[in-house]
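Read through the structure below, which is laid out as C-alpha cells, and then see the notes.
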Amino acid sequence: MYDLIDRPINELPAFERGVLDRARRWVHAFSVAGPEMGGDDALSVAMHALDRGSVADIVLQRPCFATVEEPEAVLLGLWRLVREGRSAAARAVAESLVDESHVGILLDGVAGMIGRG
C-alpha cells in the first residue's frame, strides 16, 4: 500500500489505475446523485458498503487528480490483497474501514472486481 501513496496515476499498473479511476468516478457521480444512487455491479456494492459502513471518513479525489492519496492507497491495497488471495490480511483491512456488518459486503464487492481491471 505505501508504495502507492503520492504515486502518479499514469505510473500505476493497469488494474490499480482502472479501479481507482472507476472508484473516483463513482464517488463523483454519488456526490451528484446522493444516497439514492443505485447500482448492483461489484464496484457499486463495494462503494455502497464503504459509504454505509465506514468507521472513518474516506476521501477519494476527483477523477482528474494526478496522484494517489493515502485513503485511495488503502483501498487499492485491499483490492491487491484480494487479488493475491491473502484473505486474512484483506479481511483485516476491511475491518479497519467498515463496521462488522459491512465487512463481508465490502469484500464481496472487491472480489467481484477481480479480473475486470
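Note: hydrogens, waters and symmetry copies are ignored here, and every other heavy atom, side chains too, is used.
Once rounded to the nearest 0.5 Å, the distance linking CG of L106 with CE of M47 reads 9.5 Å. Here the CG atom belonging to L75 is positioned 8.5 Å from the CG atom belonging to L20, to the nearest 0.5 angstrom.
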Donor-acceptor pairs under 3.5 angstrom involving side-chain atoms of residues 5-17: please list them, not counting sequence neighbours.
from: R7; atom 1: NH2; to: E11; atom 2: O; distance (Å): 2.8
from: R17; atom 1: NH1; to: L12; atom 2: O; distance (Å): 2.7

For residues 53-63, dump all side-chain donor-acceptor pairs below 3.5 Å to protein atoms at least two apart in sequence or in another chain.
from: S54; atom 1: OG; to: L50; atom 2: O; distance (Å): 3.2
from: S54; atom 1: OG; to: A56; atom 2: O; distance (Å): 3.4

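Take D108 and apply the side chain to side chain donor-acceptor pair (under 3.5 Å) test, not counting sequence neighbours, and it matches no residue. Remark: R24 pairs with E72 by the side chain to side chain donor-acceptor pair (under 3.5 Å) rule, at least two apart or across chains. With sequence neighbours excluded, the residues satisfying side chain to side chain donor-acceptor pair (under 3.5 Å) with W26 are S44.
Under the 4.5 Å side-chain contact rule for hydrophobic residues, L43 and I114 share a cluster.
Between R80 and D3, at least one side-chain nitrogen of the basic residue sits less than 4.0 Å from a carboxylate oxygen of the acidic one, meeting the salt-bridge criterion.
Contact record, G77 with L4: N-CD1, 4.4 Å, taken as the closest heavy-atom pair.
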As a quick check of understanding, evaluate side-chain hydrogen bond (donor to acceptor under 3.5 Å, both in side chains) for H102 and D99, giving each step before the final call. CA-CA 6 Å; H102 288 87; D99 61 46; 2.8 Å; yes

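Residue I105 is found in a hydrophobic cluster whose other members, listed by chain and number, are V45; membership requires side-chain heavy atoms under 4.5 Å apart, directly or through intermediates.
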